[in-house]
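Report on the structure given below.
Every chain is numbered from 1, with letters handed out A, B, ... down the list of sequences.
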2 protein chains.
Amino acid sequence: MNTTTLTALAEPNRLHIIELIRDRGPLTIGDIANRLELNQPQTSKHVRVLHEAGLVEVQPAANRRIIKLRTEPFQELDHWLESFRSMWDDRLDRLDEYLRDIQGRDHSD
Amino acid sequence: MNTTTLTALAEPNRLHIIELIRDRGPLTIGDIANRLELNQPQTSKHVRVLHEAGLVEVQPAANRRIIKLRTEPFQELDHWLESFRSMWDDRLDRLDEYLRDIQGRDHSD
DNA sequence: TTAAATTATTCCTTGAAAGGAATATTCCGT
DNA sequence: ACGGAATATTCCTTTCAAGGAATAATTTAA
């Protein structure tokens, strides 16, 4: 896992920006600033960090910039988490194994 | 999503500690320090942060502390990522739909 | 009880990140 | 070309996290 993704997400305002776009779809800097009650300069700065981290795509449209989510970093994070999933999947795996065991068991005795 | 988990993971050495324990199982402070070539004080400090963030469990054993991974924060992170999964699952969903469409299509003409 | 091993804490310094305020830049419409 | 809107950048200050070095605390062994 690379830490730039995590560092970008670790700042509360940036995390809010990400979740806002996830929920509302692509937004401009001004939209984001309004909805999250941030000043425009700080919003630009945070979006810059998100963009440099590859979390976000920036589409110039005349005067404005439309900010979209990119999928790759989240996929990477998801993939990284797979290496941990066995920690809490064990219980389910055992249940699964148990059920398959039940299925094939000889019930004749 | 809460930022304390992300903040804790965003520091490279701490991320290494997490991955080390994930791969090798529970380790002591000294083990971690040796394997990652960190000084003991910094290792203790980083583990402290990880513990305060709930990422790690600390079991005193005589002179030493045994550091184990906790599952909850990773489960939470996993759950948070689910809200993003549709972003890259859409393509697969459409492919799936396409394939099912192909299957049922009338090829008689 | 003393010594050695393991870990924790404190103090200090440094660097980086974040916000505020002001200003610059870019683009459109007229 | 000019004014206004949207965004970017700069400068400044403050806060905070991280590492180094030294030292404290705890436990075991002898």
Look at [X] and [N] and indicate whether a side-chain polar atom (N or O) is within less than 4.0 Å of OP1 or OP2.
{"X": "B:Arg65", "N": "C:dT7", "result": "no"}
{"X": "A:Arg14", "N": "C:dA18", "result": "yes"}
{"X": "A:Asn39", "N": "C:dG20", "result": "yes"}
{"X": "B:His46", "N": "D:dG19", "result": "yes"}
{"X": "B:Thr28", "N": "C:dT7", "result": "yes"}

So, B:Trp88 versus B:Phe84, ring centres under 6.0 angstrom or not?
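No, too far apart.
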
Grab the CD-P distance between A:Gln42 and D:dT14 for me, whole Å please.
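Taking CD of A:Gln42 and P of D:dT14, I get 16 Å after rounding.
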
Approximate separation, where rounding is to 0.5 Å, of A:Gln75 CD and A:Thr71 OG1
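Between atom CD of A:Gln75 and atom OG1 of A:Thr71 there are 4.0 Å.
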
Judged by each residue's nearest nucleotide on DNA chain D, which is more toward the 5′ side, B:Asn63 or A:Val58?
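It is A:Val58 whose nearest nucleotide is closer to the 5' end.
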
Identified side-chain hydrogen bond (donor to acceptor under 3.5 Å, both in side chains) partner of A:His46 from the options A:His51, A:Arg14, A:His16:
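So the option named by the test is A:Arg14.
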
With a 4.0 Å cut-off, would you call B:Asp78 and B:Arg85 a salt bridge?
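Answer for the salt bridge query: yes.
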
How would you label the contact of A:Thr43 with the nucleic acid (heavy atoms, under 4.0 Å): base, sugar-phosphate, or nothing?
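A:Thr43: no heavy atom of the nucleic acid under 4.0 Å.
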
Compare the minimum distances between each of D:dA8, C:dT10, C:dA18 and the side chain of B:Lys45, then state the nucleotide with the smallest one.
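Of the options given, the side chain of B:Lys45 lies nearest C:dT10.
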
